[in-house]
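The shown structure was predicted, so the numbers you read here are calculated from the model rather than taken from an experiment. Below, chain A is the first sequence line, B the second, and so on; all start at residue 1.
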Number of protein chains: 2
Amino acid sequence: MASGVTDPSIKTPKDSRRRAEGLRQRLEREIFSGALLPGERLDESGLARRFGVSRTPVREALLQLASAGLIEMRPRQGAVVAAITVQQLLQMFEVMADMEALCARYAARRMAPAERQALERAHKACVDLARRRDPEQYYEANRIFHEVVYAGTRNAYLEETTRALRNRLSSYRRFQLHQPGRVANSLAEHDAVVAAILAGDADGAATAMRAHVSVQGEVFTDLVSMLPPQYLQVTAS
Amino acid sequence: MASGVTDPSIKTPKDSRRRAEGLRQRLEREIFSGALLPGERLDESGLARRFGVSRTPVREALLQLASAGLIEMRPRQGAVVAAITVQQLLQMFEVMADMEALCARYAARRMAPAERQALERAHKACVDLARRRDPEQYYEANRIFHEVVYAGTRNAYLEETTRALRNRLSSYRRFQLHQPGRVANSLAEHDAVVAAILAGDADGAATAMRAHVSVQGEVFTDLVSMLPPQYLQVTAS
DNA sequence: CTGTCTAGGCTTGTATACAAGAGAATGTCT
DNA sequence: AGACATTCTCTTGTATACAAGCCTAGACAG
């Protein structure tokens with residue numbers, strides 16, 4: 001797929017550490033964005049050539065990605081982009097809904113006035129962008145909305161964990177965007193979340209947020225059926 | 001991971017990959033057990049000599065530990081066992097309480113009859129061991145009790161995440177054991193959790209479990225004051 | 001005596017060389 | 001012809017060599 005796409009010598013003579021971090025993040029983005037599809041083989045030498053470094057930093061990047069669960073490294077058989085089973089996907093969505101709900105609960109209790117205003121602004125941005133009918137831009141605005149909620153939890157660990165899970169699922173959620181009427185629903189749900197948080201209603205915020213990010217029942221079925229086959233692993237091995 | 005599917009013959013009796021994993025796990029245990037104290041420097045060459053391998057696998061192990069948050073790698077300055085701030089510790093305990101509560105909630109809804117019996121057995125084992133006044137053994141029985149709850153969630157991702165956080169905090173919780181009366185309290189709390197789960201009371205199970213693992217207020221203060229100074233990082237950096 | 005600058009050693013980060021296993025391709029035997 | 005064994009190649013895993021930055025010790029000036 002990306003075999004012939006050799007970007008000519010990136011050549012960042014600035015900071016060598018920068019290069020290593022950039023490597024991991026770059027591969028990360030390629031996975032999140034779908035440029036690297038699940039099941040795709042990650043050849044160490046090939047990546048090394050592509051990025052103009054040796055195999056050592058490539059291996060280090062791959063190891064970190066494996067720790068994050070984004071790729072799978074089978075001993076002596078190399079690394080492939082992780083594909084997950086339908087069960088795993090459902091379970092991860094389930095946990096994510098509860099973690100986002102937890103974030104909303106904390107945020108409702110802890111947000112400072114300035115943060116509450118930022119939440120309203122982020123929500124308003126979503127409303128404005130929804131009118132443009134540009135799913136990509138709305139996707140980004142929605143992401144920021146959730147980031148504002150994370151920041152309001154005043155709990156960096158919860159923030160980080162939730163964000164990691166959200167990122168991990170992002171390549172799957174992407175396919176949800178194009179469902180008709182999804183954006184309108186999403187806005188209404190945001191509205192309920194904002195109202196509850198501004199009112200300091202922790203339970204209400206949690207419930208509203210859980211409903212917003214919840215992907216189960218028919219919604220889950222629809223999502224799974226829209227996924228390209230590579231994204232899912234056959235359950236029985 | 002333990003989703004019921006049996007692994008298709010792991011084989012590899014002498015797999016060299018095994019050695020690298022053993023390396024990571026060995027360092028992990030040394031950190032959890034307190035053999036390696038927070039702030040302690042992890043010299044790559046030294047570890048390589050100690051384990052009889054070259055620096056390469058050592059570096060790979062360190063990178064994985066860094067991904068798990070157990071150590072901290074500052075560029076060009078080497079790795080040290082992670083010490084966290086009081087704020088971070090409080091936040092992690094907070095999240096852990098909610099995640100364990102979530103586990104209990106799921107378990108109350110989903111445990112099969114056989115699993116409920118296993119829960120009762122695990123609880124009984126705790127009661128029996130408490131009489132022996134052996135904190136270490138009780139600690140282990142308590143761990144198993146929680147593992148049974150995890151298994152009852154039927155959500156491998158939640159299970160794995162919660163376990164990882166629990167392990168991460170284990171070296172801090174260890175100091176809590178020796179508080180007088182802690183074991184008796186713990187048993188009473190287990191009792192409430194078991195009762196709620198057996199009754200299928202999801203909310204009650206969550207509340208009881210949160211109360212059980214919750215470390216805040218005076219309990220948190222006591223815990224922090226019992227920690228050796230290395231375990232905590234000075235807040236201002 | 002103290003603060004600052006500099007040079008050296010020692011550590012990490014990267015590249016390359018080497019060993020060893022997995023998979024493919026080919027040849028042979030039934 | 002088909003199935004099986006064997007070799008061969010290509011990949012990963014590990015070791016070692018090399019480059020580059022940080023820390024410290026020591027000297028010198030104020």
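End-to-end axis angle of the helix from C/dC1-D/dG30 to C/dT30-D/dA1, from C1' rotation axes over five pairs per end: 0° (rounded to 10 degrees).
The shortest side-chain heavy-atom distance between B/Leu70 and B/Phe32 falls under the 4.5 Å cut-off.
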Ignoring hydrogens and angles, write down the donor-acceptor pairs under 3.5 Å from the side chains of residues 217-230 of chain A, residues two or more places apart or on other chains.
unit_1, atom_1, unit_2, atom_2, d
A/Thr221, OG1, A/Gly217, O, 3.0
A/Ser225, OG, A/Thr221, O, 3.2
A/Ser225, OG, A/Asp222, O, 2.7

Distance-only criterion, 3.5 Å: show the donor-acceptor pairs between side-chain atoms of residues 143-153 of chain B and protein atoms not counting sequence neighbours.
unit_1, atom_1, unit_2, atom_2, d
B/Arg143, NE, B/Glu140, OE1, 3.2
B/Arg143, NH2, B/Glu140, OE2, 2.8
B/His146, ND1, B/Glu100, OE1, 3.0
B/His146, NE2, B/His212, NE2, 3.3
B/Glu147, OE1, B/Arg163, NE, 3.3
B/Glu147, OE1, B/Arg163, NH2, 2.8
B/Glu147, OE2, B/Arg163, NE, 2.8
B/Tyr150, OH, B/Glu100, OE2, 2.5
B/Thr153, OG1, B/Tyr150, O, 2.6
B/Thr153, OG1, B/Asn155, N, 3.2

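Among residue pairs with one or both ends in residues 34-43 of chain B, none qualify as salt bridge (charged side-chain N to carboxylate O under 4.0 Å, His left out); sequence neighbours excluded. Applying the ring-ring contact (aromatic ring centres under 6.0 Å, His included) test to residues at least two apart or on different chains, the pairs with a partner in residues 155-174 of chain B are B/Tyr172-B/Tyr231. Note on residues 87-96 of chain A: pairs passing salt bridge (charged side-chain N to carboxylate O under 4.0 Å, His left out), not counting sequence neighbours, are A/Glu94-B/Arg110.
Between B/Thr56 and D/dT14 there is no side-chain N or O to OP1 or OP2 distance below 4.0 Å.
Considering only residues two or more places apart in sequence or on other chains, B/Arg210 meets the side chain to side chain donor-acceptor pair (under 3.5 Å) condition with B/Asp98. In this view, B/Arg174 satisfies the side chain to side chain donor-acceptor pair (under 3.5 Å) rule with no residue, not counting sequence neighbours.
Comparing atom distances between the B/Arg59 side chain and each of D/dA15, C/dG13, D/dG13 picks out C/dG13 as nearest.
B/Leu62 comes within contact range of no nucleotide atom at all, as no heavy-atom separation falls under 4.0 Å.
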Taking N or O atoms only and anything under 3.5 Å, show me the protein contacts with nucleotides 23-25 of chain C, one pair per line.
none

